[in-house]
Amino acid sequence: MSKLQAPRGTFDVLPDDADAREAVEREARRVLEAAGYRRVETPTFEATELFARGVGEATDIVRKEMFTFEDQGGRSLTLRPEGTAPVCRAYVEHGMHKHAQPVRLWYLSSFYRHEAPQAGRYRQFWQVGAEAIGSDDPAVDAETILLLADLLDALNTHGIRLRISSLGTPETRAAYREELQAYLRAHEERLPREVAERIDLNPLRAFDAAGIEDLMADAPKLLDRLDADDAAHFAEVRRLLDGAGVHYDVDPTLVRGLDYYTRTVFEFESSELGAQSGVGGGGRYDRLVEMIGGPDTPGCGWAAGVERILLAADRPPVAPPPVDLYVAFVRPGDRATAFALAGEARRAGLGAQLELAGRSLKGQLKQADRVGARFVAILGEEGTELRDMESGDQRAVDAGRVVREVIRGREL
RNA sequence: GUGGGCGUAGCUCAGCUGGUAGAGCUCCUGGUUGUGGUCCAGGUGGUCGCGGGUUCGAGUCCCGUCGCUCACCCCA
């Protein structure tokens with residue numbers, strides 16, 4: 001008999017985790033809105049074609065990782081595997097090219113990919129992301145990178161390293177890819193089998209292979225093949241980052257798995273994470289808006305995994321909601337009075353909890369202590385008493401004055 | 001999809017060379033008639049992932065299966 005459980009690759013967010021995740025959202029809002037980004041929400045599912053065109057037919061995401069289904073009208077829909085294409089779709093659909101550019105948007109949403117789960121990798125996961133659409137100014141690239149650096153810093157993530165590179169244009173990249181493939185084929189006898197087998201599929205992987213470091217050191221690098229405009233653009237991005245004191249490594253082998261990237265690409269990784277070391281990353285996507293049917297519009301942005309941020313971050317101790325008043329009662333007949341008192345206290349702005357489990361008075365006091373109640377109102381046969389849980393003082397009070405007494409006592 | 005590790009109470013785990021299920025934590029109750037944080041006692045709670053096999057007897061051995069997890073791959 002199989003027990004019902006959360007589907008593979010998904011997880012429940014329990015109260016302690018929920019607090020930590022809220023902290024991520026809070027800091028993201030603070031950091032991004034300070035830079036003029038405004039929050040956006042797009043649908044959980046989109047037309048499959050959006051991702052096929054936007055993310056790229058050749059990518060792993062589109063080829064084997066999408067949760068795709070048909071609706072009752074026969075339309076093919078897909079649970080969003082990433083956030084950039086949907087945001088760009090919304091940009092086009094709502095005519096945001098008429099706004100002052102760049103339009104800056106941020107989101108914190110769930111995404112879905114059918115992958116084998118492992119540390120920091122889930123089938124439903126959350127990303128906080130930022131997109132600046134409508135400007136190809138290198139300051140946009142540098143600013144988005146700086147914002148993610150600031151966010152990771154504000155969340156006390158550890159072991160963070162930033163790698164950046166530039167992919168140039170799709171044409172540059174395609175020509176380079178052929179050049180690299182030719183180089184690898186010329187030295188095929190020296191390549192490990194896995195690398196040789198992947199020359200067609202993913203030649204850039206060769207840069208990560210062990211044992212052929214010297215061979216790859218002499219291999220052609222994409223950064224050396226950029227045209228003058230792209231090289232100048234990348235140089236300016238670097239100059240701005242240097243000026244802002246952002247530390248980074250230039251890594252000519254950095255590739256992002258989505259087809260839409262052009263020019264700047266970057267990735268923040270953390271040594272705290274294990275195999276899935278990427279915390280967040282992104283880059284420029286100057287062809288994406290046009291690819292999905294909009295006007296020729298440049299864009300730049302990033303996404304960071306909430307679960308991965310949390311894996312790399314210090315978790316501040318969780319603080320349960322404050323309880324100013326716990327309402328205890330002895331006789332079942334006093335339940336209605338207790339119920340009304342707890343409600344009155346909440347409307348007066350207090351954190352107030354009522355005994356809800358039929359405990360003994362001793363058990364009720366224990367529960368009040370556990371939840372951190374400052375005061376306990378005890379409705380008893382002799383009337384109402386108010387107990388200060390810090391000092392242990394307890395005295396009779398008029399039932400109608402309990403809330404006022406707690407408010408007064410709380411301020412002392 | 002492929003490989004390694006692991007699956008015993010809500011949680012963390014112990015169960016030696018097969019002998020009939022345990023601890024700590026949590027939770028509830030009680031320790032004089034209605035009072036917390038410490039302490040003491042008691043109690044709730046498990047078809048030992050599931051199915052088959054070997055055996056007089058299996059949580060413990062064998063096979064299968066499912067799940068979790070880590071890694072490859074890919075990426076957030």
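As the structure is a prediction and not an experimental result, all values here were calculated from the model. Residue numbers begin at 1 in each chain, while the letters A, B, ... track the order of the sequences.
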> What integer distance in Å separates A:Leu14:CG from B:C11:P?
Replying inline: 11 Å
> How far does the P atom of B:C75 sit from the matching atom of B:G3, given to the nearest Å?
Replying inline: 23 Å
> Using a cut-off of 4.0 Å on non-hydrogen atoms, how would the nucleic acid contact of A:Gln367 be classed: base, sugar-phosphate, or nothing?
Replying inline: nothing
>> Does A:Leu258 reach a base, just sugar-phosphate, or nothing at all? Heavy atoms under 4.0 Å.
In response: sugar-phosphate
> Does the side chain of A:Tyr37 come under 3.5 Å of the side chain of A:Glu131 through a donor N or O and an acceptor N or O?
Replying inline: no
> With distance as the sole criterion, is a donor-acceptor pair present between the side chains of A:Thr262 and A:Thr169 under 3.5 Å?
Replying inline: no
>> Under 4.0 Å, counting only non-hydrogen atoms across every strand here, what does A:Tyr122 touch: a base, just sugar-phosphate, or nothing?
In response: base
> Base, sugar-phosphate, or nothing for A:Thr59, non-hydrogen atoms under 4.0 angstrom?
Replying inline: nothing
>> Could you check whether A:Tyr261 and A:Arg173, counting side-chain N and O atoms only, form a donor-acceptor pair closer than 3.5 Å?
In response: no
>> At 4.0 Å (heavy atoms only), tell me whether A:Glu82 reaches a base, stays on the sugar-phosphate, or touches nothing.
In response: nothing
>> Measuring from the side chain of A:Arg359 (C-beta onward, heavy atoms only), which nucleotide among B:C75, B:C28, B:G34 has the closest atom?
In response: B:C28
> With a 3.5 Å cut-off and no angle check, do the side chains of A:Ser391 and A:Asp393 form a donor-acceptor pair?
Replying inline: yes
> What integer number of Å spans the P atoms of B:U2 and B:U65?
Replying inline: 11 Å
> Which part of the nucleic acid, if any, lies within reach of A:Arg370 when heavy atoms closer than 4.0 Å are counted: base, sugar-phosphate only, or nothing?
Replying inline: sugar-phosphate
>> Taking any heavy-atom pair under 4.0 Å as a contact, classify A:Ala116: base, sugar-phosphate, or nothing.
In response: base
> Nearest-Å distance, NZ (A:Lys366) to P (B:C40)?
Replying inline: 12 Å
> Relative to the 5' end of RNA chain B, which residue comes earlier, A:Gly383 or A:Arg113, by the nucleotide with the nearest heavy atom?
Replying inline: A:Gly383
>> Taking A:Arg239 first and then A:Glu236, would you say they form a salt bridge - that is, a charged N and a carboxylate O separated by under 4.0 Å?
In response: yes
>> Strictly by Watson-Crick or wobble contacts shorter than 3.5 Å, is anything paired with B:G7, and which nucleotide is it?
In response: B:C66
> Base, sugar-phosphate, or nothing: which does A:Glu382 touch, judged by heavy atoms less than 4.0 Å apart?
Replying inline: base
> Which value, in whole Å, describes the distance between the C1' atoms of nucleotides B:C11 and B:U20?
Replying inline: 27 Å
> Nearest to the side chain of A:Asp60 - B:C70, B:G36, B:C74?
Replying inline: B:C74
> What integer number of Å spans the P atoms of B:G15 and B:C61?
Replying inline: 13 Å
>> Taking B:G64 as the reference, what is the distance to B:C72 when you measure between their P atoms (whole Å, please)?
In response: 27 Å
>> In this structure, how many angstroms lie between the P atom of B:C75 and the CD atom of A:Gln118, rounded?
In response: 13 Å
> What is the distance from CG of A:Asp334 to P of B:G34, rounded to the nearest Å?
Replying inline: 14 Å
> Across all strands shown, which nucleotide pairs with B:G1 by Watson-Crick or G-U wobble geometry, both distances under 3.5 Å?
Replying inline: B:C72
> Can a side chain N or O of A:Ser360 be found less than 4.0 Å away from OP1 or OP2 on B:G30?
Replying inline: yes
> Contact class for A:Gly120 (heavy atom, under 4.0 Å): base, sugar-phosphate, or nothing?
Replying inline: base
>> Does this structure show an ion pair linking A:Glu405 with A:Arg395, if we count only N-O contacts that are shorter than 4.0 Å?
In response: yes
> How would you label the contact of A:Lys362 with the nucleic acid (heavy atoms, under 4.0 Å): base, sugar-phosphate, or nothing?
Replying inline: base
>> Suppose you measure atom P in B:G43 against the same atom in B:U12; what distance do you get, rounded to whole Å?
In response: 25 Å
> Quick one: the side chain of A:Arg387 and the base of B:G36, do they pair up donor-acceptor inside 3.5 Å?
Replying inline: yes
> Using the C1' atom in both, what is the distance from B:G24 to B:A14, to the nearest Å?
Replying inline: 10 Å
> Any donor-acceptor pair under 3.5 Å joining the side chain of A:Arg121 to the base of B:C73?
Replying inline: yes
>> Students often get this wrong, so: under 4.0 angstrom with heavy atoms, is A:Ala368 touching a base, only sugar-phosphate, or nothing?
In response: nothing
> To the nearest Å, how far apart are A:Gln127 CD and B:C75 C1'?
Replying inline: 9 Å
>> According to a cutoff of under 5.5 Å between the ring centres and under 30° between the ring planes, does A:Phe125 stack with the base of B:A76?
In response: yes
> Salt bridge between A:Glu344 and A:Arg347, side-chain N to carboxylate O under 4.0 Å?
Replying inline: no
>> Under a 3.5 Å cut-off for both contacts, is B:A21 paired Watson-Crick or G-U wobble with anything, and if yes, with which nucleotide?
In response: none
>> Tell me the interatomic distance from A:Arg123, atom CZ, to B:U69, atom C1', rounded to whole angstroms.
In response: 14 Å
> Within this structure, what is the CZ-to-C1' distance between A:Phe266 and B:A76, rounded to whole angstrom?
Replying inline: 12 Å
> Which sits closer to the 5' end of RNA chain B, A:Gln364 or A:Gly281, going by the nucleotide each is nearest to?
Replying inline: A:Gln364
> Can you tell me how far C1' of B:G1 sits from CD of A:Glu115, to the nearest Å?
Replying inline: 13 Å
>> Using Watson-Crick or G-U wobble geometry with both distances under 3.5 Å, which nucleotide pairs with B:C28?
In response: B:G42
> Taking atom P in both B:C16 and B:G22, what distance in whole Å separates the two?
Replying inline: 14 Å
> Does A:Glu27 pair with A:Arg30 as a salt bridge, N-O distance under 4.0 Å?
Replying inline: yes
